[in-house]
Amino acid sequence: MKQTVEILRQRISNAITEVTGIENCDPIVRLSTNPDFGDYQANGVMAIAKKTKTNPRKLAEEIIAKLSIEDICSPAEVAGPGFINLRLKPEFISKQLMAMEKDLGGTLGFEKTKKPQTIVVDFSGPNIAKQMHVGHLRSTIIGDSICRILESIGHKVIKQNHIGDWGTQFGMLIAYLKQDNPEVIDNPDSVHLSDLEQFYKNAKARCDEDADFAEAARKEVIKLHNKDADTMRVWQHIVDESRLHYQPTYDRLKADLHQENERGESFYADKLESIVEDLRKMGLAKESDGAICVFPDGFKNKEGNPLPLIIRKSDGAFLYATTDLAAIRYRADELKADKIIYVTDARQNLHFEMVFAVARMAGWVKEDTELCHVTFGSVLGEDGKPFKTRSGENVKLKDLLDGAVTRALSVVEEKNPELDAETKSNIAKAVGIGAVKYADYSNNRTSDYIFSFDKMLAMEGNTAPYMQYAYARVKSISRKAKANNINIENELAGLKDLNLVEPAEIDLAKYIMSYGEIINSAAVDYRMNYLTAFLYELAQKFSSFYTNCPVLKASDKSRATRLLLCRLTAKCIGQGLSNLLGIDVVEQM
RNA sequence: GCGCCCGUAGCUCAAUUGGACAGAGUCGCGGACUUCGAAUCCGAAGGUUGCAGGUUCGAGUCCUGCCGGGCGUGCCA
């Protein structure tokens with residue numbers, strides 16, 4: 001099933017070609033901003049009129065005269081300076097919804113991309129031996145949703161979790177573990193790091209106050225680089241133990257990340273030397289103040305001099321710029337990426353611009369390979385400052401999620417005390433975690449937002465609980481139907497044509513149709529808030545329909561139609577929340 | 001200093017990338033439960049889009065200059 005905008009765009013484009021001779025021009029078809037203007041509008045005629053120096057209204061009239069859309073719309077109208085307004089015919093709405101119903105198990109009739117790409121998405125990137133904190137939330141869930149959306153429209157997605165599992169801090173961690181738990185060398189599984197944060201702090205503290213220990217830590221860094229067997233065993237153990245801490249968080253967040261997606265800093269460690277050497281051989285890298293630097297065009301420092309991307313420090317150590325360059329090369333060469341997406345906060349903007357520039361200078365990515373930094377804003381506390389605990393520490397992601405689930409549970413207890421404990425617990429998880437994720441997604445990705453349990457867990461407004469409630473209400477209709485011996489499958493099987501009469505049902509029907517269009521626009525700019533806005537409006541339209549149009553008690557003439565609307569609404573909300581955003585829906589709450 | 005992002009209703013935010021009368025939510029106000037789940041719905045109110053110019057049929061969106069804020073800016077990631 002083709003999306004309605006797509007069909008209209010093509011038809012109008014053809015008509016434009018007939019009238020003006022201009023081929024493949026975009027008539028800019030959009031959902032109408034105002035119901036008075038119809039359902040869709042074409043905004044592109046004015047620009048064409050300008051280009052061809054004709055009267056825009058007259059041109060619009062001529063285009064309409066050549067336009068064949070009788071199967072979709074009632075006669076098109078010219079409005080204002082040269083808009084073309086289009087109103088869908090009920091038969092067409094009916095046809096599209098029936099097509100969606102036939103594809104319930106699939107993409108709801110949504111057509112996949114004609115040009116599938118291999119897209120590498122780099123996201124989450126937790127630090128090993130530290131707890132995940134609120135700073136990892138956005139990259140993890142935004143990245144995850146980007147993957148889900150790109151996959152759903154037919155691209156091949158390769159996830160890359162660039163974990164921080166290498167570097168000088170591992171010297172002290174390994175030395176600490178060897179000193180306190182020497183048995184870890186021969187029997188790693190005997191030692192568990194129950195509290196990562198404490199482990200890290202202890203190691204750091206000892207490093208600061210004990211000179212001998214600091215020296216041991218330095219030696220471990222060298223042994224790490226030389227792949228010393230004992231050291232590597234302890235290192236591997238720290239990584240494995242850390243995974244035991246962050247994997248459950250991924251699972252709770254429904255972030256589809258696993259060990260197989262990890263390509264951390266350690267993976268690139270032995271590729272860094274050649275990055276520097278190759279850049280030197282190409283004459284792109286040179287020494288400056290003892291460090292090896294590349295000076296990509298167009299970047300200036302405070303004094304107006306060329307700004308360096310430092311790829312090797314004066315002490316010989318490599319930096320994250322080096323690792324990122326190695327990663328780009330790997331992703332282009334080995335993973336055959338057509339596009340590489342980095343999901344990190346906006347502060348790393350300059351870094352990635354420079355890394356991308358250097359990768360292109362070196363010819364490590366093809367001309368048409370897209371390098372894309374998808375940025376996001378910060379999570380702020382109620383005071384509008386970066387979200388921290390009272391003692392000024394980063395808020396642990398685990399604590400954050402626990403807090404949300406606890407609050408959700410107390411609401412469930414209050415609203416539905418008669419449910420059994422396990423059901424309540426499951427609802428609380430879905431609502432609590434869902435609220436945190438939904439609040440993030442529903443904000444503009446690029447702006448900062450203030451984290452508030454009260455707002456995200458509110459029943460009213462554009463929140464996860466509201467969406468989940470709407471879903472639960474639709475679902476309760478099917479339960480009720482069963483209890484009343486109404487066979488939904490039979491009724492829908494007998495449905496040949498929709499009987500759309502009430503304003504609320506027409507409104508809902510038209511809106512459901514645009515589901516696929518929204519997925520597309522969300523995918524183009526990785527804007528999850530387009531999707532949440534659609535789902536919210538859908539839920540509102542459903543709620544309005546629900547209060548105005550009885551379903552099970554409806555006349556025979558309209559009951560099947562209404563059952564279909566319910567089914568498609570549930571499917572859109574369910575698929576949107578669960579499959580595209582990774583937010584659980586519940587049958588009852 | 002330079003670079004990036006931002007400034008929209010009392011508050012929190014949208015605005016599909018230059019489209020028609022700038023929309024939601026929330027707070028406060030007024031209505032609706034004997035009727036499929038009221039965690040709901042319906043209604044009214046709320047605006048000089050930071051300021052000043054410019055580009056054009058048309059600007060919250062693009063350009064210029066101010067004002068205010070955040071972030072970044074040579075050896076952390």
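Per chain, numbering begins at 1; letters A, B, ... match sequence-line order.
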Using a cutoff of under 3.5 Å, can you pull out all pairs of nitrogen or oxygen atoms linking the protein to nucleotides 72-77 of chain B, with atom names and distances?
{"from": "B:G74", "atom 1": "N1", "to": "A:Ser288", "atom 2": "OG", "distance (Å)": "2.9"}
{"from": "B:G74", "atom 1": "N2", "to": "A:Ser288", "atom 2": "O", "distance (Å)": "3.1"}
{"from": "B:G74", "atom 1": "N2", "to": "A:Ser288", "atom 2": "OG", "distance (Å)": "2.6"}
{"from": "B:C75", "atom 1": "O2", "to": "A:Ser314", "atom 2": "N", "distance (Å)": "2.9"}
{"from": "B:C75", "atom 1": "N4", "to": "A:Asp289", "atom 2": "O", "distance (Å)": "2.6"}
{"from": "B:C76", "atom 1": "OP2", "to": "A:Lys313", "atom 2": "NZ", "distance (Å)": "2.4"}
{"from": "B:A77", "atom 1": "OP2", "to": "A:Tyr320", "atom 2": "N", "distance (Å)": "3.3"}
{"from": "B:A77", "atom 1": "O3'", "to": "A:Glu265", "atom 2": "OE2", "distance (Å)": "2.9"}
{"from": "B:A77", "atom 1": "N7", "to": "A:Tyr320", "atom 2": "OH", "distance (Å)": "3.1"}
{"from": "B:A77", "atom 1": "N6", "to": "A:Tyr320", "atom 2": "OH", "distance (Å)": "2.5"}

All N/O contacts under 3.5 Å from nucleotides 55-60 of chain B to the protein, with atom names and distances to one decimal?
{"from": "B:U56", "atom 1": "O3'", "to": "A:Lys50", "atom 2": "NZ", "distance (Å)": "3.3"}

Distances under 3.5 Å between nitrogen or oxygen atoms of protein and nucleotides 28-33 of chain B:
none

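Taking the P atom of each, B:U40 and B:C4 are spaced 44 Å apart, rounded to whole Å. The gap from the P atom of B:G50 to that of B:C33 amounts to 43 Å, rounded to the nearest Å. One C1' atom belongs to B:U34, the other to B:U49, and the distance between them is 49 Å to the nearest Å. Annotation: B:A24 and B:C41 have their P atoms spaced 14 Å apart (nearest Å). When the P atom is used for both B:C6 and B:U64, the distance is 15 Å, rounded to whole Å. Rounded to a whole angstrom, the distance from the C1' atom of B:A15 to that of B:G7 is 16 Å. Comparing the same atom, C1', in B:U56 and in B:G43 gives a spacing of 40 Å after rounding to whole Å. For the C1' atoms, the distance linking B:G69 with B:A32 amounts to 45 Å, nearest Å.
Remark on RNA chain B: of its neighbouring residues A:Asp345 and A:Val412, the 5'-side contact belongs to A:Val412, judged by nearest-heavy-atom nucleotide. Closest-nucleotide positions on RNA chain B for A:Asn529 and A:Ala470 were compared, and the one nearer the 5' end corresponds to A:Asn529.
In summary, A:Arg138 and A:Asp345 do not engage in a salt bridge, as defined by a charged side-chain N under 4.0 Å from a carboxylate O. A salt bridge between A:Arg562 and A:Glu505 is present, with a side-chain N of the basic residue lying under 4.0 Å from a carboxylate O of the acidic one. Between A:Asp507 and A:Lys541 there is a salt bridge, with a side-chain nitrogen of the basic residue lying less than 4.0 Å from a carboxylate oxygen of the acidic one. Taking the charged nitrogens against the carboxylate oxygens, A:Asp584 and A:Lys429 have no contact shorter than 4.0 Å, which rules out a salt bridge. A salt bridge links A:Glu489 to A:Arg567: at least one charged side-chain nitrogen sits closer than 4.0 Å to a carboxylate oxygen. The pair A:Lys58-A:Glu61 fails the salt-bridge criterion, with no side-chain N (NZ, NE, NH1 or NH2) lying under 4.0 Å from an Asp/Glu carboxylate O.
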**Message:** Does the protein touch nucleotides 5-12 of chain B at the base, only the backbone, or not at all? Give it as B, S and - per nucleotide, heavy atoms under 4.0 Å.
**Reply:** --------

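A:Cys566 comes within contact range of no nucleotide atom at all, as no heavy-atom separation falls under 4.0 Å. Base contact: A:Ser476 has a heavy atom under 4.0 Å from a base atom. Note on A:Asp324: nothing from the nucleic acid sits closer than 4.0 angstrom, heavy atoms only. If you check every strand for non-hydrogen atoms under 4.0 Å, A:Gln540 touches sugar and phosphate atoms only. Across all strands shown, A:Ala472 has heavy atoms under 4.0 Å from base atoms, whether or not it also approaches the sugar-phosphate. Heavy atoms of A:Pro550 sit under 4.0 angstrom from at least one base atom. Across all strands, A:Gln41 comes closer than 4.0 Å to base atoms (heavy-atom distances). Looking at heavy-atom distances under 4.0 Å, A:Ala79 makes contact with a base. At a threshold of 4.0 angstrom between heavy atoms, the contacts of A:Phe299 with the nucleic acid are absent.
Remark: the backbone N or O of A:Glu197 is not paired with any side-chain donor or acceptor of A:Gln131 at under 3.5 angstrom. With hydrogens and angles ignored, the 3.5 Å screen pairs no side-chain donor or acceptor of A:Arg57 with any backbone N or O of A:Pro81. Between the side chain of A:Thr532 and the backbone N or O of A:Asn529 there is at least one donor-acceptor pair closer than 3.5 Å. A:Thr52 places a side-chain N or O within 3.5 Å of a backbone atom of A:Ile48 that can act as its donor or acceptor partner. In this structure, the side chain of A:Glu393 does not engage the main chain of A:Lys388 through any donor-acceptor pair within 3.5 Å.
Remark: the A:Tyr449 side chain and the A:Asn444 side chain contain no N/O donor-acceptor pair separated by less than 3.5 Å. Using modelled atom types, one finds a donor on one side chain and an acceptor on the other under 3.5 Å when comparing A:Thr344 with A:His373.
When the side-chain nitrogen and oxygen atoms of A:Asn416 are compared with OP1 and OP2 of B:G37, none of them lie within a distance under 4.0 Å. Here A:Thr547 does not reach the OP1 or OP2 of B:C41: none of its side-chain N or O atoms lies under 4.0 Å away. Considering only side-chain N and O atoms, A:Tyr536 lies nowhere under 4.0 angstrom from the phosphate OP1 or OP2 of B:A24. In this model, the phosphate group of B:A20 is not approached by any side-chain N or O of A:Arg57 to a distance below 4.0 Å at OP1 or OP2. The phosphate of B:A20 (OP1 or OP2) has a side-chain N or O of A:Thr33 nearer than 4.0 angstrom. Of the side-chain N and O atoms in A:Asn444, one or more sit less than 4.0 angstrom from OP1 or OP2 of B:A14.
With sequence neighbours excluded, the residues satisfying side-chain hydrogen bond (donor to acceptor under 3.5 Å, both in side chains) with A:Thr423 are A:Asp420.
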**Asked** Which is it for A:Phe451 and A:Phe453 under the ring-ring contact (aromatic ring centres under 6.0 Å, His included) test, yes or no, and what are the steps along the way?
**Response** CA-CA 7 Å; A:Phe451 189 94; A:Phe453 280 127; 5.1 Å; yes

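Its glycosidic angle being within 90° of 0, B:C33 falls on the syn side.
Judged by ring centres under 5.5 Å apart and planes tilted less than 30 degrees, A:Phe83 stacks against the six-membered base ring of B:A20.
The NZ-C1' distance, from A:Lys385 to B:C71, rounds to 16 Å in whole Å. Look at CE on A:Met467: it is 13 Å from P on B:U40, rounded to the nearest Å.
The environment of CG in A:Asp36 is crowded: more than 12 heavy-atom neighbours from other residues, nucleotides or ligands sit within 6.0 Å.
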**Request:** Give the dot-bracket string for RNA chain B, reading 5' to 3', where a pair is Watson-Crick or G-U wobble with both distances under 3.5 Å, ( ) marks pairs inside the strand, [ ] marks pairs crossing earlier ones, | marks a partner on another strand, and . marks unpaired.
**Result:** (((((((..((((.....[...))))..((((.......))))......(((((..]....))))))))))))....

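Summarising the geometry, atom CG belonging to A:Asp122 is positioned 8.0 Å from atom CG belonging to A:Asn161; distances are rounded to the nearest 0.5 Å. One finds the OG1 atom of A:Thr375 at 11.5 Å from the CZ atom of A:Arg347 (value rounded to the nearest 0.5 Å).
A cation-pi arrangement is absent between A:Arg263 and A:Tyr268, since the terminal nitrogen or guanidinium carbon is not both under 6.0 Å from the aromatic centre and inside a 45° cone about the axis.
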